[in-house]
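Working notes, beginning with the structure itself.
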Amino acid sequence: MRPLRTILVLGALAAWSAACAPASSDQTPIDALTEVGLAPGERLQVAATTSIAADIVQAVGGEAVSLTTILAPGLDPHDYEPTFREIQNLAEMDAVFLSGLGLEAVMEQAIVDSGVQAPRISLSEGIEGPADPHVWLNPRLILTWVDNAARALSALDPTHASEYTARARAYQAQVEALDRDLEFLVNQIPPQDRKIVSEHEMLGNLADRYDLKVVGSLIPSTSSAAEPSPRDLATLQTLMDSQDVHVIVVAVSSPATLAETLAWDRGADVVRIFVESLSEAGGPADTYLRLMEYNLDAIVDALKR
C-alpha cells in the first residue's frame, strides 16, 4: 500500500483543484475494513476530524498509531473545510476517523470531492438515530466510540489487535468511573431545578444522560452555523420566563454576544463549556475525561446559584 502514496497524493490534488464531484460519499463500515499491510516496525497512519475524536483514537491506539488531528482545538467542525495542505496530508492516511452522524458534513464532502481514498470511519457507527450528533456528551455513548476505535484499528492492523482491545477496556473503565461521579454530582440538584437553555441544539445527549431539561436553544439547529430569527428568540424568552430558567449554556468556541444580551434581560447566568473541541494542551479540558468533568462542574455550579 505504501508505494501508492505518491500516486494518491497527486490524484487527490488534481481532484481538489478541479473540484470534481464525488463518486460516493459513503463511509466505510468497520466490518468492511481490511488489513493495511504494514512493514515490520511501521505504524498505522490515521487521522481524526476533531480533537475529541482524536483523543479517543489515541487512547485506544497508543504508540501503535501515528495520529493526525484535522481541526485544531477551538475550531468548530460544523462548517469547517479542510485546507489544501490538509487534503495533501489526508491522502497519506490509512484511515480517517469521523465523529459521524453528520457533524462534519462540510468537511467530509470536501474530503470526498478531493478524491482522497482513505476509508472514512464513523466512531458513532451503531448509535441509533439521535437527532443531536454531539454524542460524546453522554459518556455511555462514548463507550461505543471506544469499541468502534478498537475494532477499526484491529481490522487495519491485526498485529496489534490485542493491544488495542486491552487499551479500549482500560479506557472504558475510566469512562464508566467518571460517569458515576458525574451522575452523583448532578444529583445534588433537584430534578425540577435542572432547567437550562443551550446555544444551539447541542446538549440533547448530555440532558438525556443526566436528566437535565433543555427548555430551548438560542439557535434552533444542531449546527452553530445556523441563525436564529426574531420569532425564535421571542419564543425562547417566553419559555425562560414561564419556566423560570436562569442558566444559558454556550460553547467556548462560539461568540456569546447573543447569550449575554438575553442573560442580561432575563437575569440569567451564561455558562461556557467545551462542546465541539478540547481545550489547548494544558487547559482545563485537554482530554475527553477532563472536558466532561469541567462541563458538568460548570453547569452544576450555575444551577446551584
Side-chain angles (χ1 to χ4, degrees), residues 12 25 27-30 33 36 38 43-83 85-112 114 116-127 133-137 139 141-157 160 163-164 167-168 171-172 175 253 274-281 283 285-292:
S25 61
Q27 295 161 358
T28 304
I30 294 173
L33 293 171
V36 170
L38 301 173
R43 293 195 296 171
L44 203 60
Q45 303 288 319
V46 299
T49 52
T50 71
S51 55
I52 298 170
D55 191 56
I56 300 304
V57 174
Q58 189 66 73
V60 176
E63 293 298 318
V65 303
S66 176
L67 178 66
T68 297
T69 307
I70 300 175
L71 272 75
L75 295 180
D76 189 335
H78 290 290
D79 58 357
Y80 184 82
E81 282 198 52
T83 66
R85 178 58 60 87
E86 286 165 344
I87 290 296
Q88 284 182 284
N89 292 337
L90 290 178
E92 294 285 295
M93 296 295 123
D94 294 313
V96 179
F97 285 90
L98 312 168
S99 173
L101 299 175
L103 181 82
E104 312 100 322
V106 173
M107 189 192 322
E108 187 175 8
Q109 190 61 53
I111 294 171
V112 172
S114 74
V116 169
Q117 298 298 307
R120 298 184 315 283
I121 303 162
S122 171
L123 289 169
S124 297
E125 180 178 306
I127 295 176
H134 306 84
V135 296
W136 57 89
L137 293 178
L141 296 180
I142 216 70
L143 298 176
T144 299
W145 274 29
V146 177
D147 270 336
N148 285 341
R151 289 173 54 220
L153 293 174
S154 296
L156 296 166
D157 177 23
H160 295 96
E163 299 171 31
Y164 297 139
R167 276 192 288 267
Y171 188 77
Q172 285 176 322
V175 173
S253 59
F274 292 86
V275 178
E276 319 289 0
S277 161
L278 302 180
S279 66
E280 297 284 350
D286 58 358
T287 68
Y288 169 73
L289 298 175
R290 294 190 69 197
L291 175 148
M292 290 300 300

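Atom OG1 in T50 sits 5.5 Å away from atom CD1 in I52 (nearest 0.5 Å). The distance from atom CG of L123 to atom CG of L98, rounded to the nearest 0.5 Å, is 7.5 Å. Between L153 atom CG and I30 atom CD1 the span is 9.5 Å, to the nearest 0.5 Å. Between the CD1 atom of I127 and the CG atom of L101 there is a distance of 6.5 Å, given to the nearest 0.5 Å.
Taking every heavy atom of both residues into account, E92 and Q45 meet most closely at O-CB, 4.1 Å. A pairwise comparison of heavy atoms in M292 and W136 identifies SD-O, 3.7 Å as the closest pair. Nearest heavy-atom pair, D94 versus P119, reported as atom, atom and distance to 0.1 Å: O-CD, 3.2 Å. Contact between S124 and W145 at its shortest, heavy atoms only, is OG-NE1, 3.0 Å. When all heavy atoms of T68 and M93 are compared, the closest pair comes out as OG1-CE, 3.8 Å. Between Y288 and L278, the closest heavy-atom pair is N-CD2, 3.7 Å.
Residues E280 and D286 form no side-chain contact, since every pair of their non-hydrogen atoms from C-beta on lies 4.5 Å or further apart. Between V65 and D157 the shortest side-chain heavy-atom distance does not fall below 4.5 Å. Taking 4.5 Å as the limit, every side-chain heavy atom of V135 sits out of range of all side-chain heavy atoms of I142.
Evaluation of the side chain to side chain contact (heavy atoms under 4.5 Å, CB included) rule for A54 yields A48, L67, T69 as partners, not counting sequence neighbours. In terms of the side chain to side chain contact (heavy atoms under 4.5 Å, CB included) criterion, residue partners of A59 (sequence neighbours excluded) are, by chain and number, Y171. Taking the side-chain hydrogen bond (donor to acceptor under 3.5 Å, both in side chains) definition, one finds that S99 meets it with nothing, sequence neighbours left out. Listed by chain and number, the residues in a salt bridge (Lys or Arg N to Asp or Glu O under 4.0 Å) with D147 are R169 (sequence neighbours excluded). For the side chain to side chain contact (heavy atoms under 4.5 Å, CB included) test, residues two or more places apart in sequence or in another chain that qualify with S154 are A161, Y164, T165. Annotation: side-chain hydrogen bond (donor to acceptor under 3.5 Å, both in side chains) contacts of N148 (sequence neighbours excluded): R151. S122 pairs by the side-chain hydrogen bond (donor to acceptor under 3.5 Å, both in side chains) definition with nothing, not counting sequence neighbours. For E163, the salt bridge (Lys or Arg N to Asp or Glu O under 4.0 Å) partners are R167, not counting sequence neighbours.
Using modelled atom types, no side-chain atom of R43 and backbone atom of A64 make a donor-acceptor pair closer than 3.5 Å.
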